[in-house]
There are 2 protein chains.
Amino acid sequence: MFRLSKITDYGIVLLSHMAGSDDRAGDHVIHNARELADHVDLPLPVVSKILKSLAREGVLESHRGARGGYSLKTNAERLTVAQMITVLEGPVAMTECADSAGQCLHEESCAMRSPWQLINHVVKNALEEISLADLIRATDPLAAILSSPIQPDQPARLGDG
Amino acid sequence: MFRLSKITDYGIVLLSHMAGSDDRAGDHVIHNARELADHVDLPLPVVSKILKSLAREGVLESHRGARGGYSLKTNAERLTVAQMITVLEGPVAMTECADSAGQCLHEESCAMRSPWQLINHVVKNALEEISLADLIRATDPLAAILSSPIQPDQPARLGDG
DNA sequence: ACTATATCGGACCAAATCGGTCCTGTAAAT
DNA sequence: ATTTACAGGACCGATTTGGTCCGATATAGT
């Protein structure tokens with residue numbers, strides 16, 4: 001279906017909320033799992049699981065114990081969507097062979113490895129162009145359209161079937 | 001895992017092979033399922049299934065009966081990767097809410113719809129920039145790198161964890 | 001020191017999706 | 001009439017996903 005997993009979806013939502021509530025000085029506010037779960041209206045265990053993995057991967061800093069929680073560890077301008085996806089569900093690899101060699105059985109006979117790498121490269125690139133900061137700016141619907149980096153020039157429609 | 005399904009993977013491989021073997025005049029050569037299956041070294045039923053759906057969706061033209069098979073219905077320059085993906089596994093929609101409204105339960109309370117649409121738009125755009133013809137040109141490994149439309153300027157690496 | 005609060009690291013399970021096979025029907029060529 | 005090849009869909013095992021739960025550990029406040 002070419003979807004991100006829900007974990008990734010939720011994870012980026014959480015990161016956006018956290019980045020959005022950081023103070024202007026850029027200092028990172030601490031939020032605990034329960035508070036975040038309430039805010040995004042998701043079950044606590046789910047949110048908890050995601051935050052744990054974000055902390056493990058170094059995107060968030062965790063603060064244990066009473067009054068603990070999580071805070072961003074990176075500047076929202078420098079954290080890209082590509083990075084968030086990588087951390088939450090592994091490297092962006094649209095096919096087996098796109099990422100690293102030796103995964104796909106057909107690798108030798110198949111002439112498609114380079115084409116797939118091309119596709120993968122283009123998508124990855126697009127995702128590296130968007131930062132967490134861009135996302136919170138895009139919260140305004142109008143901004144979302146205007147800030148679109150590339151102006152689409154729609155290619156030919158399919159002949160329909 | 002942010003992968004295309006294998007069906008989509010195989011489908012694009014098949015289309016590339018077909019486009020690659022069309023004659024220079026642009027006339028569309030007929031290939032039957034068995035021949036294609038042999039060529040890409042995939043089980044016949046799988047290839048067959050994919051070709052059927054490509055025909056149903058109007059990307060291929062099917063020719064029934066003895067000496068029948070499938071031929072491309074569209075010019076390789078005008079058929080984009082985005083279209084192929086859409087046809088093989090549905091619209092490019094990285095999250096539930098990215099494509100059309102009313103799918104996601106959290107839609108009202110959640111401020112993320114526009115950001116997701118931004119992300120989706122950027123990816124979709126990238127995929128619309130690549131045509132089937134580009135893919136067969138990229139079969140040469142060097143070309144794959146050189147033809148990359150956007151020059152990556154790598155953003156900050158993660159602080160590691 | 002004790003208690004309450006939070007994270008840590010997994011195990012665990014039901015449900016959905018995916019990859020692949022198979023079968024019956026129909027159209028066209030010889 | 002026979003053979004070739006597509007059409008359409010049922011089907012099934014294996015994997016992945018989404019979500020829950022638990023025992024352990026660290027910190028703050030009293």
Side-chain angles (χ1 to χ4, degrees), chain A residues 1-11 13-14 18 29-38 40-71 73 85 88-90 93-96 103-106 161, chain B residues 1-11 13-14 18 29-38 40-71 73 85 88-90 93-96 103-106 161:
Chain A
M1 221 182 302
F2 200 48
R3 290 256 164 101
L4 295 173
S5 74
K6 295 212 171 185
I7 293 302
T8 304
D9 178 344
Y10 300 159
V13 171
L14 288 167
M18 292 178 77
V29 178
I30 295 181
H31 306 261
N32 68 42
R34 177 173 307 277
E35 173 200 334
L36 289 167
D38 283 353
V40 299
D41 195 35
L42 248 26
L44 174 58
V46 173
V47 169
S48 200
K49 182 189 210 167
I50 295 167
L51 294 170
K52 276 185 272 186
S53 84
L54 287 172
R56 222 175 306 151
E57 301 285 340
V59 175
L60 296 179
E61 184 160 11
S62 75
H63 308 268
R64 302 181 67 163
R67 318 207 38 146
Y70 298 89
S71 58
K73 206 173 168 181
I85 292 175
L88 286 160
E89 65 177 58
M94 297 184 58
T95 61
E96 272 184 311
Q103 305 299 116
C104 176
L105 285 171
H106 303 91
Chain B
M1 221 183 301
F2 200 50
R3 289 257 165 101
L4 295 173
S5 74
K6 295 213 171 186
I7 294 300
T8 304
D9 178 344
Y10 301 159
V13 171
L14 288 167
M18 293 177 76
V29 177
I30 295 181
H31 306 261
N32 66 44
R34 178 173 306 277
E35 173 200 334
L36 289 167
D38 284 353
V40 300
D41 194 36
L42 248 27
L44 175 59
V46 173
V47 169
S48 200
K49 182 188 209 168
I50 295 167
L51 294 170
K52 274 184 274 186
S53 84
L54 286 171
R56 220 175 307 151
E57 301 286 339
V59 175
L60 296 178
E61 184 160 12
S62 74
H63 309 267
R64 302 181 67 159
R67 319 206 37 146
Y70 298 89
S71 56
K73 207 172 169 184
I85 293 176
L88 287 160
E89 64 176 59
M94 297 185 58
T95 61
E96 271 184 312
Q103 304 300 115
C104 176
L105 286 171
H106 304 91

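Here is the naming used below: chain letters follow the sequence lines, and residue numbers restart at 1 for every chain.
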How many angstroms lie between atom CD1 of A/I7 and atom CD of A/E89, to the nearest 0.5 angstrom?
10.0 Å
Output yes when B/R3 and A/E96 qualify as a salt bridge under the 4.0 Å nitrogen-oxygen rule, no when they do not.
no
Output all residues satisfying ring pair (Phe, Tyr, Trp, His ring centres under 6.0 Å) with B/H63, sequence neighbours left out; order by chain, then residue number.
none
Under the ring pair (Phe, Tyr, Trp, His ring centres under 6.0 Å) test, which residues partner B/Y10, sequence neighbours left out?
none
Can you give one letter per nucleotide of nucleotides 5-16 of chain C, 5' to 3': B if a protein heavy atom sits under 4.0 Å from the base, S if only from the sugar-phosphate, - if neither?
BSBBBB------
Heavy atoms only: give me the nearest A/G11-A/I50 pair and the separation to one decimal.
CA-CG2, 3.7 Å
I'd like to check the ring pair (Phe, Tyr, Trp, His ring centres under 6.0 Å) partners of A/H106; sequence neighbours left out, ordered by chain and number.
none
Under the side chain to side chain contact (heavy atoms under 4.5 Å, CB included) test, residues paired with B/R64 that sit two or more places apart
none
For DNA chain D, which nucleotides open and close the run of contacts to chain A, 5' to 3', at under 4.0 angstrom from a non-hydrogen atom?
D/dG18 to D/dG29
